[in-house]
Trainee: 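Encoded as structure tokens, here's the structure I'll be asking about.
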Amino acid sequence: MVLPGPCTGCGAPCCKEYLITVTSFDVSRVAAETRKPPCEFASLIPAKILNLDEDTVLECYEGDFRSDFLLALNSHPCIFLGANNLCAIHDFAPYTCRTYPFNGAGRMHKRTLCGSLRLLGFRFSGPSLSAGEFSAQLKEYKELVGKWNRIRGTKQECWEFLFPPCKEE
Ligand code: SF4
Ligand code: SF4
């Protein structure tokens, strides 16, 4: 039996309105579990968000022309949101989803789309993923982003760097 949680009955505005930025580890995990190729549900989107983590910005170059991208789920609404407003990939969803409305440090975001009663529920239940696990993955991803930003290349090359094609044995 699944016990009701703070999200029970919510219309899931978080999955409909937010741009869900993720790590390549999130995408690879979801790809392995769903057997979907990463390009079917994730994209490199222009980094035009006012408040972003600079260390997750992927710099891509066509000649001298630079464009900045973030790795994100195809959203608005997220393609994994079911008709019942529940996440279809809950058990292996991106870490930012499994932690929300808490941040990577385990603190609750100041602005959330959850109602006040639901926030009380979250305060009681806490995040469903430990802050340590989330921040360790984010740190590893930032190192990967830093490595790419030293190598540099086109957007397509960046995608192939993040998700190398499987080689036949
Ligand atoms: S992966 Fe699941 S929790 Fe995350 S935005 Fe999509 S539907 Fe919502
Ligand atoms: S995280 Fe908040 S906004 Fe999203 S489904 Fe749960 S209660 Fe609703």
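The analysis underlying the following values was restricted to heavy atoms, covering all of them including side chains, and did not include hydrogens, waters or symmetry mates. Both ligands and their constituent atoms are indexed starting at 1 by order of listing.
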Trainee: Mind listing the protein N/O/S atoms less than 2.8 Å away from atom 4 (Fe) of ligand 2? Waters don't count.
Mentor: Cys14 SG
Trainee: Do Thr154 and Glu62 meet the criterion of a side-chain donor-acceptor pair at a distance under 3.5 Å?
Mentor: no
Trainee: Which pair of heavy atoms, one from Gly104 and one from Phe134, lies closest together, and at what distance?
Mentor: CA-CD2, 3.2 Å
Trainee: Asp53: what forms a side-chain hydrogen bond (donor to acceptor under 3.5 Å, both in side chains) with it, not counting sequence neighbours?
Mentor: Lys142
Trainee: Which residues pass the ring pair (Phe, Tyr, Trp, His ring centres under 6.0 Å) test with Phe163, sequence neighbours left out?
Mentor: Trp159
Trainee: Taking only residues two or more places apart in sequence or in another chain, which ones pass salt bridge (Lys or Arg N to Asp or Glu O under 4.0 Å) with Arg152?
Mentor: Glu59
Trainee: Identify the residue among Thr23, Val27, Leu44 that makes a side-chain contact (heavy atoms from CB on, under 4.5 Å) with Leu162.
Mentor: Leu44
Trainee: Can we say Glu143 and Lys139 salt-bridge, meaning some charged N sits less than 4.0 Å from an Asp/Glu carboxylate O?
Mentor: yes
Trainee: Distance under 4.0 Å to a non-hydrogen atom of Leu81: what atoms of ligand 1 satisfy this?
Mentor: 7 (S)
Trainee: Using a strict 4.0 Å cut-off to heavy atoms of Ile20, name the atoms of ligand 1 that fall inside it.
Mentor: 5 (S)
Trainee: Which of the numbered atoms in ligand 1 are under 4.0 angstrom from any heavy atom belonging to Cys78?
Mentor: 1 (S), 5 (S), 6 (Fe), 7 (S)
Trainee: What is the nearest protein non-hydrogen atom to atom 2 (Fe) of ligand 1, stated with its residue, atom name and distance?
Mentor: Cys87 SG, 2.3 Å
Trainee: Could you list which atoms of ligand 1 come closer than 4.0 Å to a heavy atom of Cys97?
Mentor: 1 (S), 3 (S), 4 (Fe), 5 (S)
Trainee: Ignoring hydrogens and geometry beyond distance, is a side-chain donor-acceptor pair present between Glu160 and Gln156 at under 3.5 Å?
Mentor: yes
Trainee: At a 4.0 Å threshold, what atoms of ligand 1 neighbour a non-hydrogen atom of Phe80?
Mentor: 7 (S)
Trainee: Donor-acceptor check, side chain of Asp26 to backbone of Ala93, threshold 3.5 angstrom: yes or no?
Mentor: no
